[in-house]
Structures are given as structure tokens and as C-alpha cells.
Amino acid sequence: MNLKTNIPVNLDLTIRSGQLFHWTKIANNTFKIIIRRTVIKANQINENIIKVEIKGEKLDEEKLRTTLGLNIERQKLLTILKKDKLISQIIPSYEGLTIMKQDPYECLISFMASAVSNIPRIMLNLNNLRDETGTLIMGSNDNSLPSAKDIVCIGEERLRNIGLGYRSKFIYLTCKKLIEEQISLASWLIKTDSELLTLLTQFPGVGRKIAECVMLFGFGRLSAFPVDIWVQRGLIYLMPNLKNMSPVDLSEWGTNRWGEAAGMAQQILFCAAKNGEIFD
DNA sequence: TTGCAGGGGCATC
DNA sequence: GATGCCCCTGCA
């Protein structure tokens with residue numbers, strides 16, 4: 001199936017931008033992405049076409065487009081950011097970047113695993129978690145992420161053996177809470193942003209940063225603005241007068257400044273800072 | 001080899 | 001609000 005976009009997109013840039021951890025590169029411009037019980041092979045044909053093949057559970061075209069971030073109004077968001085004199089200077093390298101849409105539960109577990117870690121390690125931990133405790137996706141060689149129930153059965157010790165360190169306790173307790181309180185994350189889709197932030201930060205091990213990531217990448221809240229060390233550095237480079245603000249305050253600041261384009265702004269800032277582009 | 005920093009959060013003061 | 005601690009991996 002070919003997915004077309006009206007505005008150029010860059011799959012490679014998007015996938016490697018640190019928003020999704022469940023993927024492998026299998027060829028030039030071709031990636032294998034695991035989401036829930038589906039394996040998506042995505043191959044960028046040209047700047048407006050991505051060819052996809054799927055294994056496991058079916059996803060219709062609309063769902064695939066949403067998953068790959070092709071349905072958000074990027075033209076509109078970029079227009080907002082380009083009017084901002086500060087951030088507009090770093091946009092050109094990242095015009096093809098988009099925000100993908102993950103499963104809320106998988107996104108929550110993934111970003112809990114990301115705390116005080118680094119991308120290679122996060123991907124290693126999550127790969128091992130899937131391989132050792134997930135279940136095989138029919139018609140593929142890949143496992144899906146274990147469910148909350150699975151993780152409760154596995155126990156904290158097993159998570160530690162997988163290498164998740166002190167995050168193991170938090171992930172275990174969060175899954176226990178999900179099961180015991182019969183929480184359906186899907187039912188949170190109708191919550192307001194501030195309600196969602198409050199609910200997410202009630203999970204053990206989930207503070208402002210992780211909650212904002214889950215809102216942005218799992219719930220499609222494009223005005224969320226997660227602030228980690230890289231985004232903080234990026235902001236301070238562009239606006240030195242922000243240097244005394246805490247990450248929590250910067251998060252609010254970003255959402256207030258860029259509104260519905262805040263999520264896109266943070267992703268651009270994150271990439272620019274990590275690539276060393278914003279330092280001279 | 002060693003030391004350090006890495007997409008935080010929490011308890012304690 | 002500031003500080004120490006939680007774990008372990010990649011990297012210099």
C-alpha cells in the first residue's frame with residue numbers, strides 16, 4: 001500500500017528522532033516498526049510517498065497514516081513556527097520531521113524505560129523486554145510488548161534481569177495499578193490536556209517529563225512540550241534569559257508560546273540540540 | 001581501564 | 001528548593 005502526503009515528509013529523520021523505540025532499520029529508507037500486534041515495514045519511495053506492508057493484526061489505511069504521523073496538519077504547524085523568529089532559524093533541516101502516534105500503553109512503558117538512560121540502551125532494554133516476555137506476532141519473527149497483565153505476572157525481579165534497573169519497580173507498580181484499578185487508557189482520550197497530565201503523573205515513576213512525552217506521542221496532544229536536558233539546552237541557546245527556569249516551568253512556557261505547534265517545536269529543538277546544530 | 005553522563009522521579013531535609 | 005539516591009549501559 002502506498003501512503004501519499006501533500007507535504008514532503010522524511011521517514012528516516014522522524015524514526016531516528018527519539019520518539020519511538022520499537023523499530024529497526026532494514027535497508028536504506030526502509031524500517032520495520034512494531035506497534036501493538038502489528039509489524040509495519042515502511043519504505044520511503046520519494047518525499048511524498050511511503051510504501052507500507054504489514055504483518056500480524058491488520059491496520060486500515062487511515063490508522064497507518066495516523067501511526068506514521070502523516071495525518072497531522074504539519075503545514076499549519078510549520079507556518080506557526082516559521083513566524084517565530086527564534087525557532088524559525090533551526091527549522092530548515094527538520095521540515096520533514098513529523099510526530100508519530102503510538103499506542104498509549106506502549107508509549108507509557110517505553111518512556112518509563114527512558115528515564116536517565118540513552119537511546120541505544122532504551123532500545124536494547126525494550127527489545128529484550130519484547131523478545132523475552134512478549135508474545136509472537138503471527139506471520140512475523142517479532143514479539144509484541146508484554147501487556148500490563150503480563151508484566152505483573154513476570155514481576156519486578158525479571159525486569160531487573162532484563163536490565164531496566166531501578167525503573168523496574170516503577171514499571172511493575174504502574175502495571176499493577178493499571179490492572180487493579182482496571183484503568184483503560186483508551187478512555188482517557190476524551191480528557192482535557194490538564195486532566196490527562198494529572199492522571200498520568202499519578203503513576204509511580206511518571207513525573208512531568210514522561211507524562212508530557214506520553215501525551216504527545218501516545219495521545220496525540222500536539223501542544224504537549226516535554227523538557228529534557230536537550231530541549232532545555234536548545235531553549236537556553238535560543239533564549240539565554242530562560243536559563244534559570246526549571247524543566248517544569250519551561251514545559252509550561254513552551255506550551256504557552258507555541259500552542260498547538262509546541263510538540264513539533266520540542267521535537268525540532270530536541271533533534272537540533274542532539275545534532276549539535278544549535279551550538280557554534 | 002576507569003570515570004562519567006545519560007530523554008527523571010522520589011524521599012528527605 | 002536543594003540534595004542524594006535509585007540502576008546500568010554506552011562512550012571517551
Side-chain angles (χ1 to χ4, degrees), chain A residues 13-23 90 94 97 99-100 102 104 106-132 151 154-177 197-219 221 224-237 242-255 262-279:
Chain A
L13 181 62
T14 300
I15 287 193
R16 289 187 297 96
S17 71
Q19 55 179 291
L20 179 71
F21 304 110
H22 307 271
W23 58 270
I90 58 171
Y94 303 102
L97 191 57
I99 308 286
M100 295 182 282
Q102 302 175 37
E106 296 193 344
C107 193
L108 176 62
I109 300 303
S110 300
F111 280 94
M112 289 188 76
S114 79
V116 198
S117 191
N118 50 71
I119 292 173
R121 180 188 171 188
I122 299 163
M123 291 181 69
L124 176 71
N125 288 162
L126 291 172
N127 257 302
N128 290 339
L129 182 61
R130 280 202 319 273
D131 286 350
E132 295 179 29
I151 288 179
I154 291 160
E156 179 187 336
E157 203 51 40
R158 186 75 190 278
L159 297 177
R160 282 186 181 269
N161 292 338
I162 285 168
L164 285 160
Y166 73 93
R167 305 161 196 83
S168 304
K169 185 179 189 178
F170 292 141
I171 291 173
Y172 171 73
L173 290 174
T174 289
C175 288
K176 197 154 166 273
K177 181 175 157 88
L197 180 63
T198 302
L199 285 165
L200 287 169
T201 48
Q202 282 166 5
F203 286 116
V206 179
R208 181 66 176 256
K209 155 63 170 68
I210 292 175
E212 296 269 347
C213 284
V214 177
M215 288 174 68
L216 179 57
F217 303 123
F219 284 89
R221 303 302 169 96
F225 194 79
V227 176
D228 64 6
I229 187 68
W230 298 104
V231 172
Q232 189 173 11
R233 284 174 187 161
L235 284 172
I236 291 168
Y237 172 77
L242 299 179
K243 71 171 176 294
N244 291 322
M245 281 173 68
S246 69
V248 169
D249 290 339
L250 286 173
S251 183
E252 250 184 78
W253 184 92
T255 293
M264 188 71 89
Q266 92 84 38
Q267 203 57 20
I268 290 170
L269 280 167
F270 176 77
C271 291
K274 281 217 93 171
N275 292 342
E277 278 195 30
I278 58 163
F279 301 114

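Per chain, numbering begins at 1; letters A, B, ... match sequence-line order.
Remark: the separation of the P atoms in B:dT1 and C:dC7 is 24 Å, to the nearest Å.
Formation of a donor-acceptor pair under 3.5 Å by the A:R221 side chain with backbone atoms of A:E212 is not found in this model. Under the 3.5 Å distance criterion, the side-chain polar atoms of A:Q102 are matched with a main-chain donor or acceptor of A:Q19. Of the possible donor and acceptor atoms, one in the side chain of A:S17 sits under 3.5 Å from a partner among the backbone N and O of A:T14. Distance alone, capped at 3.5 Å, places no donor-acceptor pair between the A:T255 side chain and the A:A224 backbone. Listed for the A:S251 side chain is no donor-acceptor partner under 3.5 Å among the backbone atoms of A:P247. Checking side-chain atoms of A:R160 against main-chain N and O of A:S168 turns up no donor-acceptor pair under 3.5 Å.
Side-chain rings of A:F21 and A:F111 approach one another, their centers coming within less than 6.0 Å.
What separates CD1 of A:I171 from P of B:dG8 is a distance of 14 Å, to the nearest Å. For the pair A:K274 NZ and B:dG6 P, the computed distance is 9 Å after rounding to whole Å. In this entry the distance linking CG of A:L250 with P of B:dG8 reads 14 Å, nearest Å. The nearest whole Å value for the distance from the CD atom in A:Q202 to the P atom in B:dG9 is 15 Å. Between A:W230 atom CH2 and B:dG8 atom C1' the separation is 16 Å, expressed in whole Å. Between A:D249 atom CG and C:dA2 atom P there is a gap of 12 Å when expressed in whole angstrom units. Rounding to whole angstrom units, CD1 of residue A:I119 and P of B:dG8 are separated by 11 Å. Between the CE atom of A:M112 and the C1' atom of B:dG9 there is a distance of 10 Å, given to the nearest Å.
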Counting primed atoms, P, OP1 and OP2 as sugar-phosphate and everything else as base, the B/S/- map of nucleotides 3-9 of chain C against protein heavy atoms under 4.0 Å is ---BBBB
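Between A:K209 and A:T201, the residue anchored nearer the 5' end of DNA chain B, judged by the nucleotide with its closest heavy atom, is A:K209. Where A:C213 and A:P204 each meet DNA chain B at their nearest nucleotide, the meeting point lying more 5' is that of A:C213.
Atoms CD and CZ, from A:E156 and A:F170 in turn, are 10.0 Å apart once rounded to the nearest 0.5 Å. The line from CD1 of A:I162 to CD1 of A:I154 is 6.0 Å long, rounded to the nearest 0.5 Å.
If you check every strand for non-hydrogen atoms under 4.0 Å, A:K169 touches nothing. Residue A:E212 is classed as having no contact, given no heavy-atom separation below 4.0 Å to the nucleic acid. As judged by a 4.0 angstrom heavy-atom cut-off over every strand, A:V231 is placed among residues making no nucleic acid contact. If you check every strand for non-hydrogen atoms under 4.0 Å, A:S17 touches a base.
In the displayed structure, A:K169 atom NZ is contacted under 6.0 Å by at most 12 heavy atoms of other residues, nucleotides or ligands.
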Bracket string, DNA chain B, 5' to 3' - pairs by Watson-Crick or G-U geometry under 3.5 Å, | interstrand:
.|||||.||||||
